[in-house]
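All ligand and atom numbering here is 1-based and tracks the order in the structure. Please read all numbers here as calculations on a predicted model, not as lab measurements. Start at 1 with the first residue, then count along the sequence.
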Amino acid sequence: MNEQVKSEIFHGACPHDCPDTCAMDYEVKGGTLVDVRGKKSHPMTRGGLCVKLKDFADHHANPDRLLYPMRRSGPKGSKQFTRISWDEAISEICRNWHEIIKTHGAQAIMPQSYLGNMGLVQGINSGDPFFNKLGTTVNEKTFCASGSSTAWLLTVGPTGGVDPESFVHSKFIVIWACNSISTNLHHWPFVLEAQKKGAKVVVIDSYRSRTAKAGDWHICPKPGTDGALAMGFINAIVTQGLVDKEYVDQHTHGYAELAARAAEFTPEYVESITGVPAADVLAFGREFATAQPSVIRLGVALERSAGGAQAIRAACCLPALVGSWRHVGGGLMQMPLWDFPVDWMKVSRGDWIKPGTRVVNNLRLGAALTGEMKLDPPIKSLFVYCTNPVSQAPETNKIVAGLQREDLFTVVAEHFLTDTAKYADIVLPAAMAGEAEDMMWSWGHFYFTYNQKAVEPLGECLPTSEMWRRLAKEMGFNDPIFQMTDAELCAHYINWDDPKMAGATMEHFRQHGYLKIDVGSADTRAPHKNGKFPTPSGKVEFLLHDAKNFVAGPFRMMYDAEQSGEPVDPLPGYVPARERPETNPDTAKLYPLNILSPKSHGFLNSCYANEKHKIKGQGDQFVMISPVDAGKRGIREGDPVRVHNGRGDFEGVARVTDDVPSGVVVATLGYWRSLNRSDGSVNSISSSEWSGLGRAPTFSDNLVEVTRVN
Ligand SMILES: Nc1nc2c(c(=O)[nH]1)N[C@H]1C(S)=C(S)[C@@H](COP(=O)(O)OP(=O)(O)OC[C@H]3O[C@@H](n4cnc5c(=O)[nH]c(N)nc54)[C@H](O)[C@@H]3O)O[C@H]1N2
Ligand SMILES: Nc1nc2c(c(=O)[nH]1)N[C@H]1C(S)=C(S)[C@@H](COP(=O)(O)OP(=O)(O)OC[C@H]3O[C@@H](n4cnc5c(=O)[nH]c(N)nc54)[C@H](O)[C@@H]3O)O[C@H]1N2
Ligand code: SF4
Ligand SMILES: [Mo]
């Protein structure tokens, strides 16, 4: 690069499905992206990105990137493709769809998307207006946070909760099923600052994660037993006389009923279910009540078993019981996204869905494609964007079988030829973050972040938005949303009149790159000091006042509780996990170990898991197993092992460690099955059963056996 060429800086926003939504600076020289750094001025990003993004400019230039549209030229999955033009690709897709619509109707076409890109313009929901207009099957997106959100909305309503920056004021911090150091890195300095000032950091996790190691107290319940633990904490608070009666009287609904249900959950009973010593249950109740402000950071992972959402409802009762909400830095943090002034109806045009249109859930993709789920008409065409289901969705062997159907016309828009994209009939190359304008909300803080287009897309890559515009044109859709430029779309989706936008305009974003929505100062804000919860009763609903208080959030845009007919218990409580030795002894005879498949430190879901240096940093697919369980099976450190159950199998390398309790194994998520030791990944063995509420996944609710590979 010519040193004389001056560099230009553009505003960036990390597009990933990560609570941190870092603000970035793109450095461009002579039209080339040369560096991407964290924005120094940003109060959460503070100039640093994570290990995944530290070479984001190189990621853009990765030679494996898809650069041209391609048509399959060999058997499905063979990775044989021929380059075609965008015009050919668009007209071939639409020609196929016209045929399918003529014979089977538009519902035989199904989109599949998730949070590969969180942007309002280029991300998860960007294709919804197009597919809703076309009248396709609706893709219900409950991969992540739907159980957590349902529990949250039922109990405290759509509040943004405690500002993550207010944690510096907390005295007792509970990080519950969240591995912050890997998955919410930019929140960690706020926790550390509080810890330095004397706060106690408690991590509740079913194994000793990086975060558990860094905390002051690790509480380790058996997977999927957190509902009993939370009810035990309620019991411990009530029986030790630590309830903030005034707060409870004024700002909660159903205390008597909650206390009655919690009465059963004595510390001893809770110990028998969770394995957490009774004395710890009592001590937690005491300290959570008295070391104010106390706060709980709820990790998404808590939802991933049959009783996940019920456990979260119980956990959401704790701060109100002891009056934590009275204080700055006291209460609950789930996902601040509820406060974002985004007009989600404009983003996804849910109002264009004709009544009675079929809904297929994204966790059931395998069953939908293979015909195990009886669908009339069957799915004849699948359009995948911003998701990699062969790696990330459960029961992936079924998905692969479905994708191999000769009569399925599959289109995948991607950056790389992923384990899903390799089965496509048409592959479309998508632009990366530095190549397309977008607006990023956050599920981990209160900053709206603007992403400028810094460079032209590589090869013939197109922004996802442009792909919709071209498809819409070919299908003859003239609605204004299909004519808008990316800049217009950025502005279109935001409720500028909302007081939280504080009078800002797009100009503010073009100049500064980000805006903290006006929820008040993190140093003085106690959002529910005086109650005012956005629930039907205006109070924390220990007991449901009106079970209809669901709100369609962006994740489960199409999830409708009433339509789903899911029964809702009026109270929180303990619902046993589906696959635990205690609840499922027959399965446990064959498959005695509970597997957890949390996030990998070095990958972002399956992104970066195809890059050699990232795999090197993260390590090959490993399986953590306790010395006791390893000993029983003749497994030693470094041995290749096979993890299996009735749904499938995968191989990894054993890490024998007492970081995992006996009865539990841990294998992190994201590895591509095609790059693993065998053609399998953690999702080869995971179940597609929903958890109790919100049609959430049950990734923590699976039994397996582990054997040494000879
Ligand atoms: N590095 C990295 N960061 C990420 C991601 C990534 O892939 N990599 N993915 C992003 C996404 S999409 C999400 S949703 C978030 C998720 O972020 P987290 O909520 O932190 O999710 P996980 O890492 O899956 O799980 C967190 C912890 O929960 C524990 N856990 C699992 N089941 C149970 C249980 O039943 N009870 C208890 N008490 N603990 C349990 C796991 O052992 C794990 O240590 O992370 C985001 N950030
Ligand atoms: N076993 C197990 N499975 C899990 C979980 C678990 O904890 N355990 N976690 C679940 C959770 S929390 C989540 S959120 C899901 C995540 O599941 P996914 O959202 O499917 O995760 P990613 O692997 O990030 O896949 C995103 C894909 O989109 C592509 N992509 C990125 N940006 C763009 C773009 O702008 N345009 C297009 N067209 N493509 C783009 C990326 O290259 C990538 O291949 O996985 C779930 N799966
Ligand atoms: S993945 Fe998360 S931590 Fe890493 S740069 Fe993006 S937003 Fe920040
Ligand atoms: Mo997620």
Any idea which atoms of ligand 2 are less than 4.0 Å away from a heavy-atom of T418?
44 (O)

Spacing of L363 atom CG and T142 atom OG1 [to the nearest 0.5 Å]:
4.5 Å

With a heavy-atom distance limit of 4.0 Å, tell me whether N388 approaches ligand 2 through its side chain, its backbone, both, or neither.
both

Atoms in ligand 2 with a heavy atom of A430 nearer than 4.0 Å:
36 (N), 37 (C), 38 (N)

Which is it for T387 and ligand 2 at heavy atoms under 4.0 Å: side chain, backbone, both or neither?
both

Is any side-chain N of the basic residue among E466 and K453 closer than 4.0 Å to the acidic one's carboxylate O?
no

Using the test salt bridge (charged side-chain N to carboxylate O under 4.0 Å, His left out), find all partners of R364 that sit at least two apart in sequence or belong to another chain.
none

Using a strict threshold of under 4.0 Å (side-chain N to carboxylate O), is an ion pair present between K599 and D17?
no

Residue A413 vicinity, atoms of ligand 2 by number, heavy atom under 4.0 Å:
37 (C), 38 (N), 39 (N)

Non-hydrogen atoms of W86 and E460 that approach each other most closely
NE1-O, 2.7 Å

Run F416 and E611 through side-chain contact (heavy atoms from CB on, under 4.5 Å) and show every step you take.
CA-CA 11 Å; F416 296 99; E611 293 180 338; 4.3 Å; yes

May I ask you to decide whether D64 forms a salt bridge with K612, counting only side-chain N to carboxylate O separations under 4.0 Å?
no

CG/N117 to CE/M432 distance, rounded to the nearest 0.5 angstrom?
11.0 Å

Atom-level proximity to ligand 1, residues with heavy atom under 4.0 Å
D17, P19, K52, C144, A177, C178, N179, S182, T183, I204, D205, S206, Y207, S209, P221, P223, G224, D226, G299, V300, A301, R304, W443, L596, P598, K599, S600, H601, F603, L604, N605, S700

Please confirm whether C386 comes under 4.0 Å of ligand 2, counting heavy atoms of the residue only.
yes

Are S600 and T668 close enough that a side-chain donor and a side-chain acceptor fall under 3.5 Å?
yes

